[in-house]
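This one's a predicted model, so the numbers in the text were calculated from it and none came from an experiment. These values consider heavy atoms only, across backbone and side chains, with no hydrogens, waters or symmetry-generated copies.
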Amino acid sequence: MRKIIAPVLAALILIGLAAIFGFRPKFRDVDFEVGGRVIKASGPFEYSDHELLVPQKFAERLLGANIRWDRPAPLPKGVYYRDKVAVLMYHHLSRKPLLPSVLSEDRFAEQMMLLKKDGYHVITMGQYRRFMLADGKVPDNAVLLTFDDGYESFYKLAFPVLRKYGYTAVNFVIVSDVDNPGKGGLPKLTWSQMREMKKFGMGFFNHTYDLHYFAPVDAEGGEEPALSALLYIDDETRSEYNEEYYRRVTGDLGLAERRLKEELGNTDSALAFPYGSYNDRVMTAAGSLGIPLTFTVKEGLADRGETNADRINAGSNLRTPAETIDRIRKFVPKRELTVNGRGVLFSGIQPEFRQGMLLVPLDEICRSLHIAMNYDRLKGMVKLTMPKANHA
């Protein structure tokens, strides 16, 4: 018995040490299959955040591509970034400072003044849509202004400031709150107010119909955002089935889309995730409804074609207006990964130096080259399927 217990205890101790000190497990060697030919390789490879990191030189040989991770070319004075959009995120505004999380009207006005003074260009949702989905261009230092939740302060406090500077903005509204104005809480926008603001270029989009809350996900009462979670059905002591989840979520999002179209004449769709929570299930549900643009609360700049966009929180009253606007530049990448001279969009991990060697995310590079990649971790085998045009 002691002979069995000792190895188990040793393993538990090692796992505990790894958790405490951040030790990384040593991954097995990985082989690659390209066009039926197996290429033996021995790393160092690392699987991190569901992506495979491989040495740059190996990736170049494997894919026959030129891969660089260099500082971007210098830009003219006053240009902080190109071919990207800073999507600023706001919520409720107040006339006077109330809470750190609620931006005051005067600070919002000063932010708008600084955007103009510092050479930023506020774009419309139409420009943003064409930039992301088609071949549209955006100006240098492009900014999209977004608000969440549909608070009435958008009409009473933000709208006059936006008109003063000739800016447009979009608001992601919880549609059930508009349809049922007596629900309580902070006052929300009305359909009449939104129709008035649409005439001046403001846009209003989906923040769910009525899934902006935390709901139970297990018997112990644990809660997660209702849009992205499989909910717990207490009467039946089980979680939702996938089919039930899709019916619930597509029904809710579809109803919000229909009401926005009926009341405002919307012909385009976009969705901001409540609490920024999403997963593959949410993305599939949104896609099934023809919602091509989504927005998170993760901070960063949005690149061309990045239809699930990061945003930058500009709605905190803890920062001065200058500090908030200056933060935009913090998210300009110091280095850029290019494959055959074209930039690569990152949906996951970034390249990183490890012991003097540059490791690059093979998943992202394959996507940029339209190469299908399948990684079987149990077998330690990566199968790459080249586009038909690339076959010899």
Could you tell me whether a side-chain N or O of Asn141 sits under 3.5 Å from a main-chain N or O of Gly78, the two making a donor and an acceptor? yes
Within the 3.5 Å criterion, strictly below it, is a donor on Asn313 or Glu299 matched to an acceptor on the partner's side chain? no
Are the side chain of Tyr245 and the backbone N or O of Leu227 linked by a donor-acceptor pair below 3.5 Å? yes
Any side-chain heavy-atom pair from Leu52 and Met373 closer than 4.5 angstrom? yes
Under the 3.5 angstrom rule, does the side chain of Thr146 hit a backbone N or O of Leu88 as a donor-acceptor pair? yes
Show your reasoning for whether side-chain contact (heavy atoms from CB on, under 4.5 Å) applies to Leu271 and Leu289. CA-CA 11 Å; Leu271 168 67; Leu289 294 167; over 6 Å; no
Restricting to non-hydrogen atoms, name the atom on Ser94 and the atom on Leu98 that form the minimum distance, rounded to 0.1 Å. CB-CD1, 3.6 Å
Passes side-chain contact (heavy atoms from CB on, under 4.5 Å), Trp69 versus Phe353? Steps please. CA-CA 11 Å; Trp69 196 46; Phe353 280 105; 3.6 Å; yes
Taking Gln56 for the side chain and Ile67 for the main chain, is one N or O donor matched with an acceptor at less than 3.5 Å? yes
Side chains of Leu293 and Phe205: closer than 4.5 Å at any heavy-atom pair? no
Please confirm whether the backbone N or O of Asn317 pairs with a side-chain atom of Arg107, one donor and one acceptor, at under 3.5 Å? yes
Rounded to the nearest 0.5 Å, what's the gap from CZ on Phe295 to CZ on Phe273? Could you check? 10.0 Å
Counting only N and O atoms by type, is there a donor-acceptor contact under 3.5 Å from the side chain of Asp149 to the main-chain atoms of His91? no
Testing the 3.5 Å rule here: is there a donor-acceptor pair between the side chains of Tyr278 and Asn308? yes
Same hydrophobic cluster for Leu362 and Val344, using side-chain heavy-atom links shorter than 4.5 Å among ILVMFWY? yes
Is Leu337 reachable from Val54 through a run of I, L, V, M, F, W or Y residues, each pair having side-chain heavy atoms under 4.5 Å apart? yes
Close side-chain approach of Tyr246 and Arg281, heavy atoms under 4.5 Å: yes
ILVMFWY cluster, Val170 and Val122 together (side-chain gap under 4.5 Å): no
Tell me which one of Leu144, Asp303, Val138 satisfies side-chain contact (heavy atoms from CB on, under 4.5 Å) with Phe131. Val138
Ring pair (Phe, Tyr, Trp, His ring centres under 6.0 Å) evaluation trace for Phe200 with Phe159: CA-CA 9 Å; Phe200 295 91; Phe159 181 46; 5.7 Å; yes
Greater than 12 external heavy atoms within 6.0 Å of Lys164's NZ: no
Can you list the steps and then say if Tyr81 with Phe331 is a ring pair (Phe, Tyr, Trp, His ring centres under 6.0 Å)? CA-CA 10 Å; Tyr81 52 89; Phe331 298 102; over 10 Å; no
How far apart are the C-alpha atoms of Ile328 and Leu115, what are their side-chain angles, what is the distance that settles it, and do they pass the side-chain contact (heavy atoms from CB on, under 4.5 Å) test? CA-CA 10 Å; Ile328 296 174; Leu115 285 176; 4.3 Å; yes
Atom CG in Asp106, atom CG in Leu93: separation rounded to 0.5 Å? 10.5 Å
Whether the side chain of Arg195 engages the backbone of Glu263 through a donor-acceptor N/O pair (distance < 3.5 Å, no angle test) should be reported. yes
According to a 4.5 Å side-chain heavy-atom criterion applied to Ile, Leu, Val, Met, Phe, Trp and Tyr, with indirect links allowed, do Leu369 and Phe32 form part of one hydrophobic cluster? yes
His207/Asp177 under side-chain contact (heavy atoms from CB on, under 4.5 Å): CA gap, chis, key distance, verdict: CA-CA 11 Å; His207 204 34; Asp177 288 354; over 6 Å; no
How about Pro351 and Leu359: do any of their side-chain heavy atoms sit closer than 4.5 Å? no
Can you tell me how far apart CG (Leu318) and CD (Glu323) are? Round to the nearest 0.5 Å. 9.5 Å
Any donor-acceptor pair under 3.5 Å linking the side chain of Asn279 with the backbone of Ser228? yes
So does Lys334 have more than 12 non-hydrogen atoms from other groups sitting under 6.0 Å from NZ? yes
If you draw a 6.0 Å radius around CG in Asp135, do more than 12 non-hydrogen atoms from other residues or ligands fall strictly inside? no
Evaluate the side-chain proximity of Leu114 to Thr324: yes if any heavy-atom separation is below 4.5 Å, no if none is. no
Salt bridge flag under 4.0 Å for residues Lys117 and Glu110: no
Is the OH atom of Tyr165 crowded by more than 12 outside heavy atoms at less than 6.0 Å? yes
Would you confirm whether Asn340, through its side chain, and Ala65, through its main-chain N or O, come within 3.5 Å as a donor-acceptor pair? no
Heavy-atom count check: over 12 atoms from other residues, nucleotides or ligands less than 6.0 Å from Lys261 NZ? no
Separation between OG1 of Thr208 and OH of Tyr213, rounded to the nearest 0.5 Å: 9.0 Å
Can Leu75 be reached from Leu301 by stepping across I, L, V, M, F, W or Y side chains whose heavy atoms are under 4.5 Å apart? no
His92 and ring-ring contact (aromatic ring centres under 6.0 Å, His included): which partner among Tyr151, Phe154, Tyr155? Tyr151
Test side-chain contact (heavy atoms from CB on, under 4.5 Å) applied to Pro321 and Gln111, Met112, Met113, the passing residue: Gln111
First locate atom NZ of Lys84, then atom CZ of Arg304, and finally report the distance between them rounded to the nearest 0.5 Å. 11.0 Å
Heavy-atom closest contact (Pro274 atom, His212 atom, distance): CB-CD2, 3.5 Å
Find the distance between OH (Tyr375) and CG (Leu384) and round it off to the nearest 0.5 Å. 12.5 Å
Donor-acceptor contact present, side-chain Thr296 to main-chain Ala309, <3.5 Å: yes
What I'd like to find out is whether the side chain of Leu189 reaches to under 4.5 Å of the side chain of Met197, using heavy atoms alone. yes
Quick one: does Leu253's side chain get under 4.5 Å of Asn206's, heavy atoms only? yes
For the residue pair Arg259 and Tyr209, would you count it as a cation-pi contact if the rule is NZ or CZ under 6.0 angstrom from the ring centre and within 45 degrees of the ring axis? no
Verify the neighbour count for atom CG of Asp70: are there more than 12 heavy atoms of other residues, nucleotides or ligands below 6.0 Å? yes
Validation row: Pro76, Arg82 side chains within 4.5 angstrom (heavy atoms): yes
